[in-house]
Every structure is written in structure tokens, then in C-alpha cells.
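Here is the structure we will look at.
Quick note on labels: first sequence line is chain A, next is B, and so on, each numbered from 1.
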There are 2 protein chains.
Amino acid sequence: MREPTFLVLTALAGGPQHGYAVIEDIAGMTGGRVRLRAGTLYAALDRLRTEGLIEADREEIVQSRLRRYYRLTATGERSLTAETARLRTQATIAERRLRIRRIELGGATS
Amino acid sequence: MREPTFLVLTALAGGPQHGYAVIEDIAGMTGGRVRLRAGTLYAALDRLRTEGLIEADREEIVQSRLRRYYRLTATGERSLTAETARLRTQATIAERRLRIRRIELGGATS
DNA sequence: GCAGCATATACCGATGATCGGTATATGAGA
DNA sequence: TCTCATATACCGATCATCGGTATATGCTGC
């Protein structure tokens, strides 16, 4: 799972949201670092729906504009939980190696 | 940065290694979940060298087989440190949302 | 003796997620 | 009236990764 996909699932873990709101949520979540392109977002939404990780929640018309809400499925929740654990494990391994490295090399790298 | 790239940098954070050893290291690190293909590994090595994140360390001939060692550069170390922090931050955000979600929905998802 | 496996580097085409751009439409603000 | 924010959707391009193959050697089991 790549970063944008992970972030979409994280956004929906907070409750149902429509596409554009997901983009805004992710932008806020990452401190503005990640702003998903429309193409990336809607492609990811379609793909995740096909895979059963998310599903349509409801549709609203706000100011004559369609809003299609999506929500995380139980499968999606499990998937996000597993992915989160993986991220944390890898971060821990990398941090341990970096820490040992700094002790051994004393900050003198090439 | 994608997972295989991150894992290659993590492997080299532990000290210089040659290509094949990196594959083995990553396999061990991930409990056998990730076994990089030769194509992925050597392409990543070339790319990371071009980007200045790793560099050639030395070459050895062991049993008439070439071993080309690579090591992390200072730039690579900074890059891995930043990436690790990013992973940890995202894992924390996702976990918080999942935790709140479980309280709110009480385990009843679609 | 030879087949198969592990070691080791390297190249190739295919896949697929993401990027960047565009299209469409409306309401709000300058 | 022009631009910006909202909102969904499609398109081609890029590029990391995957899966397979090529090449070569040494070790192990039959």
C-alpha cells in the first residue's frame, strides 16, 4: 500500500467523507505536505471500493453540487490496522539501526 | 519513498552490505514477508546511488564471485531519518482515528 | 557425475499507482 | 466579469516495482 492510499483510508477512519473533503483532510493531516490530485483521489476511491476496503455511504446535493460520501468497511478497517502496525514496526527497526549507527560512527559519515 | 526503497536504506543503515546480502537482510527484517526481486534491488541501488543517498564502499571477490558493497551517505542517513519520522507520525494519526472509531462504533462496522 | 540450489550481478518487458493536466459545473467574492 | 473554491471525472505520462530471464560459480545430495 502506497502513501496516498494509506492516507485515504486514514481519512475515512474518522468517519464518512466525500471526495473533496478527503483531499482537504489529508492536506491538514500532513501539514500541507500531501495534497492529492483529483486523478489520484478518485482513482484510489474507485479501486478501494472494488477491493471492498471502502463503500458508498450516501449522496447529498449541497448548493446543487453532488457530494458522494464513502465510509470504511470492516475489511478496510482491518487492512488499515495491519498497515499501521507494519509502518510502526519498520519505523522501529530503522530507528534502532540509525541509533546504533550514530553511536558507532559518532556522527562521522561520508 | 516506497517500501522497498525504504527497506534498502534501512538495511544499509546497519553498515555496508553487498546486493545479495541486502536482499537477505530485508527478508529477515520483515519476517520473510518481503523478498526483493533482483530487478528491484539493483535498480534501486543504481537509483539511490545516482541520487546520492548511497555510494560504493568496496569490492571483494569471494569464491571467484564479485561482491559490490554499498554504504549509506550522510544525505541518505538524513533521508532515512526523515522518512522514519514521517512513518511514525502517520501511524500515530491512523491509530488515534482507529481508536476513536472503535469507541464510537463499538466494533459494529459494515 | 550431474542435477539442483544458493550465491551474485544484471537486464528486460509488463504492471499499476500516482502525477499533472483538463473538462464540467456552480456559487462566492473581488 | 474574472477568478477562486468546491466537486466529480477522465486522460496520458511517468516511474518504481514485479516477474522473469541470463550468466556464472561453488556446494550438496543422489
Side-chain angles (χ1 to χ4, degrees), chain A residues 1-12 16-28 30 32-51 53-70 76 79-80 83 86 90, chain B residues 1-12 16-28 30 32-51 53-70 76 79-80 83 86 90:
Chain A
M1 189 184 298
R2 303 212 219 171
E3 199 189 4
T5 302
F6 175 80
L7 291 170
V8 168
L9 291 182
T10 302
L12 294 180
Q17 286 192 94
H18 59 96
Y20 197 83
V22 169
I23 292 176
E24 295 298 310
D25 190 9
I26 289 174
T30 60
R33 186 178 60 82
V34 179
R35 188 168 183 92
L36 256 43
R37 306 285 148 176
T40 305
L41 192 265
Y42 293 104
L45 251 23
D46 285 347
R47 182 167 37 84
L48 290 170
R49 210 166 54 77
T50 303
E51 292 168 358
L53 301 191
I54 66 173
E55 61 192 0
D57 185 70
R58 67 185 188 279
E59 290 187 0
E60 273 180 7
I61 304 287
V62 177
Q63 288 170 339
S64 68
R65 240 183 259 112
L66 176 68
R67 280 184 178 175
R68 188 169 296 140
Y69 285 74
Y70 294 92
S79 185
L80 179 59
E83 189 69 8
R86 188 179 70 70
Q90 287 186 3
Chain B
M1 188 185 298
R2 312 239 264 247
E3 198 189 3
T5 301
F6 176 80
L7 292 170
V8 168
L9 292 182
T10 302
L12 293 180
Q17 287 192 94
H18 59 94
Y20 198 81
V22 169
I23 292 176
E24 295 298 311
D25 191 9
I26 290 174
T30 60
R33 187 178 60 84
V34 178
R35 188 166 183 93
L36 256 44
R37 306 285 150 176
T40 305
L41 192 266
Y42 294 105
L45 252 21
D46 284 347
R47 182 169 35 85
L48 290 171
R49 211 165 53 76
T50 302
E51 291 168 1
L53 302 191
I54 66 172
E55 61 191 0
D57 185 71
R58 66 184 189 281
E59 289 187 0
E60 273 179 7
I61 303 287
V62 176
Q63 289 169 337
S64 68
R65 238 183 261 112
L66 176 69
R67 280 183 178 177
R68 189 167 297 140
Y69 286 75
Y70 293 91
S79 185
L80 179 59
E83 189 68 8
R86 186 180 71 71
Q90 287 187 2

Practice item. Start with the C-alpha gap between B:Glu3 and B:Val34, add the side-chain angles, then the distance that decides, and say whether side-chain contact (heavy atoms from CB on, under 4.5 Å) holds. Key: CA-CA 9 Å; B:Glu3 198 189 3; B:Val34 178; 4.0 Å; yes

**Study point:** Qualifying residue for side chain to side chain contact (heavy atoms under 4.5 Å, CB included) with A:Tyr70, from A:Asp57, A:Leu53, A:Leu12
**Key:** A:Leu12

Exercise for review: Flag the pair A:Arg68 and A:Glu60 as a salt bridge only when some basic side-chain nitrogen lies within less than 4.0 angstrom of an acidic carboxylate oxygen.
Suggested key: no

Practice item. Could you tell me whether A:Arg86 atom CZ has more than 12 heavy atoms of other residues or ligands within 6.0 Å of it? Key: yes

Review point. To the nearest angstrom, how far is B:Leu36 atom CG from C:dT7 atom P?
Key: 15 Å

Practice item. Any chance you could list the contact pattern along nucleotides 23-30 of chain C? Use B for base contacts, S for sugar-phosphate-only contacts and - for none, protein heavy atoms under 4.0 Å, 5' to 3'. Key: ---BS---

Review point. Within the structure, does a side-chain N or O atom of B:Arg47 lie under 4.0 Å from either OP1 or OP2 of D:dC15?
Key: no

Study note, to complete from the structure: B:Asp25 CG to C:dT7 C1', in whole Å, measures 16 Å

Practice item. Ignoring backbone atoms, establish whether B:Arg2 has a side-chain N or O less than 4.0 Å from OP1 or OP2 of D:dA16. Key: no

Revision key, fill the gap. Contacts of A:Leu41 and B:Glu3 projected onto DNA chain D by closest heavy atom; the upstream (5') one is A:Leu41

Review point. What's the CG-P distance between A:Leu7 and C:dC19, to the nearest Å?
Key: 10 Å

Exercise for review: Measure from CZ on A:Arg35 to P on C:dT18 and round the result to the nearest Å.
Suggested key: 17 Å

**Study point:** Protein-nucleotide distance (B:Glu59, atom CD; C:dA8, atom P), rounded to Å
**Key:** 14 Å

Revision key, fill the gap. Result for side chain to side chain contact (heavy atoms under 4.5 Å, CB included) between A:Met1 and one of A:Leu80, A:Leu9, A:Val8 points to A:Leu9

Practice item. Could you tell me the separation between the CE atom of A:Met1 and the P atom of C:dG16, rounded to a whole number of Å? Key: 16 Å

Exercise for review: Round to a whole Å and report the spacing from OH of A:Tyr69 to C1' of D:dT6.
Suggested key: 12 Å

Exercise for review: Establish, with yes or no, whether the OP1 or OP2 oxygen of C:dT9 is under 4.0 angstrom from a side-chain nitrogen or oxygen of B:Tyr42.
Suggested key: yes

Check your understanding: Counting only side-chain N and O atoms of A:Arg37, is one of them less than 4.0 Å from OP1 or OP2 of C:dT18?
Key -> no

Review point. A:His18 NE2 to D:dA9 P: how many Å, rounded?
Key: 13 Å

**Study point:** Given DNA chain D, 5'-ward residue of the pair A:Glu24 and A:Asp46, judged by closest heavy atom
**Key:** A:Glu24

Point to revise | B:Arg68 side chain near C:dA10 phosphate (N/O to OP1/OP2, under 4.0 Å) | key: yes

Interface polar pairs with nucleotides 11-14 of chain D, N/O, under 3.5 angstrom:
none

Point to revise | Side-chain donor or acceptor of A:Gln17 paired with backbone N/O of A:Ala11 under 3.5 Å | key: yes

